[in-house]
Amino acid sequence: SSGINAEWPLRPGDNQISAYCTNLVNKSWLYHLSQIATKIDKYLKEFGYDAAPFLPEWYNKLSTIVKLDYPPNTVCVVVLSNADMFDKTFPCYISEHDPELKKGTDCVDLCTKHYMTKVRDVVK
């Protein structure tokens, strides 16, 4: 087992999470972090993104090329675009920001950055 929990949202007591979070964060902090990750995922789903929390330790055990240089108990959130982002969000972003976009700009990256900056307000 890789230790990555495929269940979403994460809940205190999930066996795979507990194996990695023992002595890292107490159960109330784990619950609090899972609530934040759930808020992020719920907010971003509306715009065609999926989000899930992970620990750098999990990633570093799987990756042979790139290692994340963070303490093992740092909680990270991976954000991936799904089909809805390309069908709904991206075309709207392009039409709203067309005059601001420069030739050669990675418009998908700009669109994602736009929505990621709004995530800060969600987790406050």
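Just so we're clear, the structure is a prediction, and the values are computed from it rather than from any experiment.
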Practice task
Using distance alone, with no hydrogens and no angle criterion, decide if Tyr49 and Thr112 have a side-chain donor and acceptor under 3.5 Å apart.
Solution key: yes
Practice task
Kindly indicate, with the supporting measurements, whether the criterion side chain to side chain contact (heavy atoms under 4.5 Å, CB included) is fulfilled by Val77 and Phe54.
Solution key: CA-CA 6 Å; Val77 176; Phe54 70 98; 6.0 Å; no
Problem - Other residues, nucleotides, ligands: >12 heavy atoms within 6.0 Å of Asp109 CG - result: yes
Exercise for the section: With rounding to the nearest 0.5 Å, note down the distance linking CG in Leu62 to NZ in Lys67. Expected result: 8.5 Å
Fill in the blank from the handout: One should read off an interatomic distance between Cys92 SG and Asp87 CG, to the nearest 0.5 angstrom, of 11.0 Å
Problem - Distance, nearest 0.5 Å, that separates NZ of Lys42 from CD1 of Ile40 - result: 13.5 Å
Handout entry: Shortest non-hydrogen contact from Tyr115 toward Thr89
Key = CE1-CG2, 3.2 Å
Exercise for the section: Write down the atom of Pro56, the atom of Pro71, and the distance for their closest heavy-atom approach. Expected result: CG-O, 3.7 Å
Exercise for the section: Report the distance from atom CG of Asp50 to atom CG of Asp41, rounding to the nearest 0.5 Å. Expected result: 6.0 Å
Handout entry: Nearest atoms (heavy-atom pairs only) where Met116 meets Leu44
Key = SD-CD1, 4.0 Å
Exercise for the section: Would you check if the side chain of His114 reaches a backbone N or O of Leu110 as a donor-acceptor pair within less than 3.5 Å? Expected result: no
Practice task
Could you check if a side-chain atom of Phe90 sits within less than 4.5 angstrom of a side-chain atom of Cys107, using non-hydrogen atoms only?
Solution key: yes
Practice task
Would you give the length of the straight line joining atom CG of Asn60 to atom OH of Tyr70, rounded to the nearest 0.5 angstrom?
Solution key: 11.0 Å
Exercise for the section: Determine the minimum heavy-atom distance between Met85 and Ser81, stating which atoms define it. Expected result: CE-CB, 3.8 Å
Problem - pair Lys118-Tyr43: side-chain heavy atoms closer than 4.5 Å - result: yes
Problem - Closest heavy-atom pair and its distance - Asp84, Gly48 - result: CB-CA, 3.8 Å
Practice task
Compare every heavy atom of Tyr59 with every heavy atom of Val66, then report the nearest pair and how far apart it is.
Solution key: O-CE2, 3.2 Å
